[in-house]
Amino acid sequence: MSAPPSSRVRRRLLAAGAGAVSVSGWASGVVALAAPAGVRAASPVAALSLLDRLTWGAVVPDSRAVPVFDADRLLAELLLPGSPYLPASVRARLDAMTLHQTPAEALARSLWQDERAINAAPDGDPRQALRDAFQQRLRGLQQEAAETALLRMLHTPNQLQEKMTWFWMNHFNIFIGKGNTQRALLPDFEAQAVRPHALGRFSDLLRATVRHPAMLVYLDNTQNTGKNLNENYGRELLELHTLGIDGGYTQADVTSMSRVLSGLGVWLAPEPRQVPAAQQADYVMDGVFEFHPARHDSADKTLLGTRIPGGGLDEVDAAVRLLAHHPATARHISRKLAVAFVADAPPAALVEAMSRTFLESEGDITAVLRTLFQHAAFEAALAQPDFKDPLRYVLGGVRLLYGDGPPVVDTAPLVQWLARLGQPLYGRETPDGYPLARSAWVGSGQMAARFDVARQMAGAWARLTGAEPGPDGKHPAPPAGAREWFDTALADTLGEPTRAALAQARNGQEWNALLLSSPEFMTR
Amino acid sequence: MQRRDWLKWAAAAPVLLGSGRLFAAPQAGSRLLVVFMRGGYDAASLLVPVDSEDYYAARPNIAIARETALPLANGWGLHPAMGDSLLPLYHRKQLAFVPFAGTEDLSRSHFETQNSIELGQALQGRRDFGSGFLNRLVGELRGPATEAAAFTAQLPLILRGKVALPNLALPARPPGAADARQRDLIESMYAGTALAESVQEGFALRAQASAALEKEMTEADAGAPSPAGLEGQIRRIATLMRERFHIGFVDVGGWDTHVNQGAATGVLANRLGALGSALAGFADAMGPVWKDTVVVVISEFGRTFRENGNKGTDHGHGTVYWVLGGGIDGGRLAGEQVPVSTATLHQDRDYPLLNEYRAVLGGLFRQMYGLSDARLQAVFDGVRASDLRLV
């Protein structure tokens, strides 16, 4: 598609290499250009906007040059994730965490054991002591899970894959606080069920989520049996995960789906499940995932007018195939992606184009994203304000201010800021996930909180990077890259009122705080 | 047009009646504060069933002794820690209790039950996770005089929805000189942008809350004691509700007493006492507006009738709601009741549910705001409001 005639296309080369991980260990996501026409970031504002949408936030490039580049190339890079390189200091931080020292299955069983031990302990102080220790353990694991995710989001070169991982984690939302074993199961859900398929095939992703213990626990499917149907997961699978609320399913379909899902659960006890001989052939145990034929309704079902012959787990596969390739699913997923990347009310033409790609490619998420990013509506959106949700705000702020310095190793402050702004990781209690609409986040309470957080972000460099004071007892100065970059190259991306306010900053820290408080940063 | 038709038509389109109002108007000055005790507080310690032998048999360590409970009515007593705060309000008929209250949600899970109460929607079928019942109420009342806010760090589910509402965490710091300068710089950046109004309102709310705090500190300097903690926070809410907000929400935690909850004294007694003082302080601080104010105190569920092995209690079902206000018909227990015994327990472990929360609150809102059936259904779909004649 051709660029608008009035656009200025500056073709300046950037020093950074393709998909560069800069010397400092951050992934800038900025690529060298010199490629034929494709999607172009027509202006510095559009370029920054593109980076802010495709990554967790633009990082000051090594060359401090104007970031006008070939977005086609950037896109191609980001859609093909490479090895998930992380800086050594970040790796060390992760390796030290309890969460990563035990495989998820063993950890889940261990938490389950702790719970059992508490219930078996003598009343009074012995039980209370165990309970206190257990709560502390859970809190620790939960904190580590959030810090892990943030370290990865800040530093991985596979920025778009990470953004899509978050998108799907939000789409298939699970609350880490429901059920003690979730502290072990949910990070595994992200790593095993979601991330590998985030840019892959939707049917593979869906199937992986249906088989994962974290989902089965969260939506009460562990209590869903043929004799006592629990429709919680069946309903949300149709309403939230696939067809969408307008997807044309009925209550009978919800019941059918629940019957298909009956018998899928978890088994966390160390002793193996007693399964009658007659059922052993059909019984499935995979890690802590369990399919128990005695708990399954194995009669024939009708789902969306299609007959699913009675059986075992093959019913689930049939249902997943049916739902993953349904036009309503294509529309529902396409629309959510369009809202996430373009606007609260995306143009119908865009959603239709994406749905078509979804169906024609049999749910290839990368193909759908390509249709999205190459659409005129996306290019037009780059020039429009895009109010960041708290996660993009906090990550974008840290990446912008500090991305040209040593890696951030302590993300505990980010966990606090996200809680303050109402979007803690893994903390959405309801299955619908955090809202994607920008209008859901704008508000006077939110703005006031963001200005506080901006001030804190501007003063947090030493804490975040673990910088030690020098022999004179003073901390080294944080990088001034953002200021230099804007001073030298990008002042034009800021309006006059913002530039005037920045000019009155008394020092670098205040300058940074004002930059992160600015409407331009808030809505890019 | 037949008169009957005209009335039907007019009822459906109040705008055209020439009433001059687009929305149901709140009674002049009526204020509503909803207080959520998060954690499922032990209602049987607040409202003591002093005539129940089973209660004393079930709680050898944590029952409130007959002689210690403050007599209320009909075999019920009040926890002694509320003697200075709630008891006088009860005697002035400015406090009523609704026992055996709550939601049909039987998960006994804190977050699930809190969520389902805050959403205020039917438990079966589709639920809109973005729509809390107080937001729907504000939507029905929307008019120049109806401002609402949550006095919490995040906007809670109960106030989320179509109407954009602020949340304001208290206590607020008193404004410093640096703050004023930064505020001016930030506001200048937003001048003329779509966000300008939100930015200004955010600062204005802060300033108002800070002014309330400063006023309190000045009074403290003048010798009046500045109440710490919860009472201070709730008095500040009163200032804001007197001056600006007609609907408010606040939550109080620390009620999940599984272990060593105490009886007439102890952990629970202390927290109840603090909440009681805070509410009495709220009534005091509302001043002349107290007679037009209603405070509803709710919790997600009550606790087990019998004590557990840790001298505490576990998650239960039926609970006790409190309704306070300068103009209510209080001094009694309202709603459906049964004698307290093991025979009337739910699943032989909890207080039963006899007064469903949406019916109770629906009835209150209808009276407070003159809501038509249609408007009430927009807040609590499919619910028949029960009129406890409290308002």
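Chain identifiers are assigned alphabetically (A, B, ...) following the order of the sequence lines, protein sequences preceding nucleic acid strands; residue numbering begins at 1 within each chain.
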Visitor: Could you walk me through whether B:Arg181 and A:Arg506 pass side chain to side chain contact (heavy atoms under 4.5 Å, CB included), step by step?
Guide: CA-CA 11 Å; B:Arg181 181 176 158 274; A:Arg506 286 183 177 152; 3.3 Å; yes

Visitor: Give, as side chain, backbone, both or neither, the part of A:Gln251 having an atom under 4.5 angstrom from any heavy atom of chain B.
Guide: neither

Visitor: Apply the test side chain to side chain contact (heavy atoms under 4.5 Å, CB included) to residues A:Phe451 and B:Arg183: give CA-CA distance (whole Å), side-chain angles for both, the deciding distance (0.1 Å), then the verdict.
Guide: CA-CA 9 Å; A:Phe451 300 141; B:Arg183 185 195 66 218; over 6 Å; no

Visitor: Only pairs of heavy atoms separated by less than 4.5 Å count here; which of A:Thr498, A:Leu494, A:Thr523 has the most with chain B?
Guide: A:Thr498

Visitor: Between A:Met447 and B:Ser198, which heavy-atom pair has the shortest distance, and what is it?
Guide: CG-CB, 4.0 Å

Visitor: When you look at CG of A:Asn228, are more than 12 heavy atoms from neighbouring residues, nucleotides or ligands closer to it than 6.0 Å?
Guide: no

Visitor: Among B:Asn308, B:Val199, B:Thr193, single out the residue with the greatest number of heavy-atom pairs under 4.5 Å to chain A.
Guide: B:Val199

Visitor: Is the number of heavy atoms from other residues, nucleotides or ligands under 6.0 Å of A:Asp125 CG greater than 12?
Guide: no

Visitor: Quick check on A:Gln504 against chain B: is it the side chain, the backbone, both or neither that has a heavy atom closer than 4.5 Å?
Guide: both

Visitor: At a heavy-atom separation under 4.5 Å, does B:Asn167 approach chain A through its side chain, its backbone, both, or neither?
Guide: both

Visitor: Mark yes when over 12 heavy atoms from residues, nucleotides or ligands other than A:Gln136 sit less than 6.0 Å from its CD; otherwise mark no.
Guide: no

Visitor: Heavy atoms, side chains only, cut-off 4.5 Å: are B:Phe129 and A:Pro431 in contact?
Guide: yes

Visitor: Once side chain to side chain donor-acceptor pair (under 3.5 Å) is applied, do any residues pair with A:Glu496, and if so which ones, sequence neighbours excluded?
Guide: none

Visitor: Out of A:Gly495, A:Ala501, A:Ala505, which one racks up the most heavy-atom pairs below 4.5 Å with chain B?
Guide: A:Ala501

Visitor: Working to the nearest 0.5 Å, report the span between CG of B:Leu195 and OG of A:Ser444.
Guide: 11.5 Å

Visitor: Could you have a look at B:Arg126, B:Gln124, B:His258, B:Glu201 and say which one has the most heavy-atom pairs with chain A under 4.5 angstrom?
Guide: B:Arg126

Visitor: Where on A:Ala440 is there a heavy atom nearer than 4.5 Å to chain B: the side chain, the backbone, both, or neither?
Guide: neither

Visitor: Could you tell me which portion of A:Ala500 (side chain, backbone, both or neither) has an atom closer than 4.5 angstrom to a non-hydrogen atom of chain B?
Guide: neither

Visitor: Heavy-atom count around B:Glu197 CD within 6.0 Å, excluding the residue itself: above 12?
Guide: no

Visitor: Run the numbers on A:Arg455 and B:Gln182 for side chain to side chain contact (heavy atoms under 4.5 Å, CB included), then give the verdict.
Guide: CA-CA 10 Å; A:Arg455 264 204 306 282; B:Gln182 299 220 325; 3.1 Å; yes

Visitor: Quick one: which residues of residues 420-430 of chain A reach chain B at under 4.5 angstrom, heavy atoms only?
Guide: A:Arg420, A:Leu421, A:Gly422, A:Arg428, A:Glu429, A:Thr430

Visitor: Tell me which of these, A:Gly443, A:Gly445, A:Ser517, has more heavy-atom pairs under 4.5 Å with chain B than the rest.
Guide: A:Ser517

Visitor: Listed by chain and number, what are the salt bridge (charged side-chain N to carboxylate O under 4.0 Å, His left out) partners of A:Lys388, not counting sequence neighbours?
Guide: A:Asp52

Visitor: Return the set of residues passing salt bridge (charged side-chain N to carboxylate O under 4.0 Å, His left out) with B:Asp256 (not counting sequence neighbours), or none when no residue passes.
Guide: B:Arg303

